[in-house]
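Within every chain, numbering begins at 1; the chains are lettered A, B, ... in the order of the sequence lines, protein sequences first and strands thereafter.
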Amino acid sequence: MITLESVAKTAGGRQILNIALLHIDRGERVALIGPNGSGKSTLLRVIAGIVPPDAGCVIFEPPGTQAYLMPQVSFGFARSVLKNLEIGLPASMKSAEKRAAAEKTADMLALRPLLKKHGNKLSGGETQRLALGRLLTAPKSLLLLDEPTGSADFESTRLIEDVLLAACEKNGTTLLFATHDARQAERLAGRIILLENGRVAKDTPAAAFAETAGSGWGKRLTHEQHPQTPDGLPEI
Amino acid sequence: MEQFKEAIRLVFSPDKELWQIIGVTLVMTFASTAISCALGIFPGIFIGSRRFRGKKLLMKILYTFMGLPPVVAGLVVFLLLSNRGPLGSLHLLFSVEAMVIAQCVLIVPIITGLTASAVALKYPVIAETSKGLRLSGWKQLLLLLSECRGALISVALTGFGRAISEVGAVNLVGGNIRFKTRVMTTSIMFETGMGNFELAIALGILLLTIAFAVNFIASTFRRETDDYA
Ligand SMILES: Nc1ncnc2c1ncn2[C@@H]1O[C@H](COP(=O)(O)OP(=O)(O)O)[C@@H](O)[C@H]1O
Ligand SMILES: Nc1ncnc2c1ncn2[C@@H]1O[C@H](COP(=O)(O)OP(=O)(O)O)[C@@H](O)[C@H]1O
Ligand SMILES: [Mg+2]
Ligand SMILES: [Mg+2]
């Protein structure tokens, strides 16, 4: 689905991204994990074509694949939540169809009671559900999500995770998402990529992440999020 | 006190000449504001949303022009339009058109500069969101405009405020000709100089009233803070 070759990005005199080779298959669900400033958002922006890399290239298979990005900062446009949800739908769609698609998405993400609210007056977690909803009104083949549950409470987080899993299963969507949460990575992804200083520090199947976390940030993360049980096995 | 009473009487029963002055003022002000917005807003959006070489220098020049002394603008337009000037053949000096041109020289940089800062503030997150949704360039621009609507109305009102209160430049290039280029500000100057304080006060009150009415009407377009019923 996506191949990155020698992708590099420099900002403020510092290399913030340096990916020798990264390949993601069609239908894979991949978590990007790493400390603040490790380049997760930058990588997602480069793949989405929002930030041009200084070197290297991003190849899509099949060519012309559209990558959709939910940015780290969710934003509600100054119009109703319903109209916000309709924004991404093609102009050729009839307005009744648009509305039906928006309402269906609202129901999935518990946005129904907010449909008439103003999109820029929502709480952080509500805005995040709205931002995700705008991407889920129509099937997508490639979704890039930057900390999709960063402002959500635990129930919204679970709801978003369930909706995402269902949508990816149904549409065969390839998913790449950034998160700080190793457990969320394991719940959603089949593969976890650890990014440190803009480089891929680890790339493992999700199930093996805790064991192979190695040294440094990855190891501290697994210590933090998988408290050791008395017999030494990670408690999941 | 007598003068003030007389001024109030004039406010409520303006004579033909007063109406004519108000008419010229409104035509000049709205034309200057509309033309300046038409010329200034899109460059402002461009500057506020793009990165390009020389942007910093351009912004510095723009900020300098935003503070351009009106009489300097008036002088430049005067020289351009005077009989021996490069645009002398147009015979525009001492006309309402000349006043509008001088106003635009003053107001376009203000519109462009304020639009650029308003857009620069909102552009990054709006752009990332709309590009992430893979919206067409047109749709992105329309969304940006609608998100900046309140700011753009404020920008236009700032231009309007400048246009209606301007006196130095319009006096120079308009000449304050009775029944032709005399506007409210230039007649306040003139009548005060002649000692006709009642008329000057009446004009001042009417000027404030017009400015308030325009701001009031514009602010109803700016609301949009309520939820949708
Ligand atoms: N436009 C930019 N200009 C300068 N530095 C940037 C820019 N964007 C990101 N950075 C820097 O790049 C690094 C990686 O940022 P980011 O990709 O947002 O990290 P993450 O999402 O993993 O927290 C950070 O140190 C950040 O300060
Ligand atoms: N400026 C506002 N106008 C109208 N409703 C608002 C505004 N700000 C927040 N709300 C609403 O108030 C509720 C609480 O918001 P908020 O305090 O941000 O929640 P939390 O931080 O717990 O997620 C939300 O339903 C949100 O939509
Ligand atoms: Mg980030
Ligand atoms: Mg909050």
Residues of residues 41-63 of chain A near chain B, each having a heavy atom less than 4.5 Å away: A:Arg45, A:Ala48, A:Ile50

- request: Heavy atoms only, distances under 4.5 angstrom: which of B:Leu135, B:Val125, B:Leu143 has the most pairs with chain A? Name it, please.
  value: B:Leu143

message: Does any backbone or side-chain atom of A:Ala67 lie under 4.5 Å from a heavy atom of chain B? Answer side chain, backbone, both or neither.
response: both

message: Does atom CE (A:Met93) have a neighbourhood of more than 12 heavy atoms from anything else shown, all under 6.0 Å?
response: yes

- request: Can you establish whether the number of heavy atoms outside A:Arg26 located under 6.0 Å from its atom CZ is more than 12?
  value: no

message: How about CZ on B:Phe216, more than 12 heavy atoms from neighbouring residues, nucleotides or ligands closer than 6.0 Å, or not?
response: no

- prompt: Counting only heavy atoms not in A:Lys104, do more than 12 fall under 6.0 Å of its NZ?
  reply: no

query: Do B:Thr129 and A:Arg134 have a side chain donor and acceptor closer than 3.5 Å?
result: no

Whether over 12 other heavy atoms sit under 6.0 Å from A:Asn18 CG: yes

message: With a 6.0 Å cut-off (strictly less than), is the heavy-atom count around NZ of B:Lys139, excluding the residue itself, greater than 12?
response: yes

query: Can you tell me how far the OG atom of B:Ser146 sits from the CZ atom of A:Phe77, to the nearest 0.5 Å?
result: 8.0 Å

- line: Comparing B:Lys131, B:Arg134, B:Glu128 against chain A, the one with the most heavy-atom pairs below 4.5 Å turns out to be B:Arg134

- line: The interface call for A:Leu89 against chain B, heavy-atom contacts under 4.5 Å, is backbone

